Amino acid sequence: MSELDWLPLTCVIIYMVAAPLGLCSIPFMYVAELYPAEMRSLLGGLTIALSNVELFVVVKTFPKLESLIGDHGVFWIYAGACFLSIVFTLSYIPETKDKSLLQVEGKFERHRRTLRASPWVSPIPSPSASSVRKLQFQTSMFTQ
């Protein structure tokens, strides 16, 4: 058995190299390419937190699932989850190769709601957040 002492370390190294090339990289891809710049820090933190919660659930449920349905059943469930994530990615995540960040953000423009500067409901519509920013920018030009 001593001639196989290198095998566990080799397997861990292969996993550490291969995992970022597969499903482990998807949350970081969301952060870098799909979120608008003004929300990237908040949504990036939430995405990575959700990814870590999912990893925690997998680690905690694996032993119980293994005792209930056996090794083969658990790995078939995980393989099914991977297959569904591939289908989801191919169906809903836009291709970003050779596209600018503005083009990618434009694909999600129709899903955005107009942000209002005031959260209060009033008979007169409040100005949008972008018009308030424009006003602040215009007034800052005259005060410099």
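Just so you know, residue 1 is the first one in the sequence shown, and it goes up from there. Predicted model only: the values in this text are computed from it and were never measured.
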Look at the side-chain heavy atoms of Ile, Leu, Val, Met, Phe, Trp and Tyr, link any pair under 4.5 Å apart, and say whether Leu84 and Phe88 land in one connected group. no
Hphob cluster co-occupancy, Ile14 + Phe75, side-chain heavy atoms under 4.5 angstrom: no
Separation between CG (Leu68) and OG1 (Thr61), nearest 0.5 Å, reads 10.5 Å
Between Ile77 and Ile69, the two heavy atoms sitting closest are CD1-CD1, 3.3 Å
| query | Less than 4.5 Å apart, any side-chain heavy atom of Phe83 and any of Val87? | reply | yes
Any sub-3.5 Å donor-acceptor pair from Ser51's side-chain atoms to Thr47's backbone N or O?
no
When rounded to the nearest 0.5 Å, the distance separating CG of Leu4 from OG1 of Thr10 is 10.0 Å
Residues Leu65 and Tyr78: closest non-hydrogen pair is CD1-OH, 4.2 Å
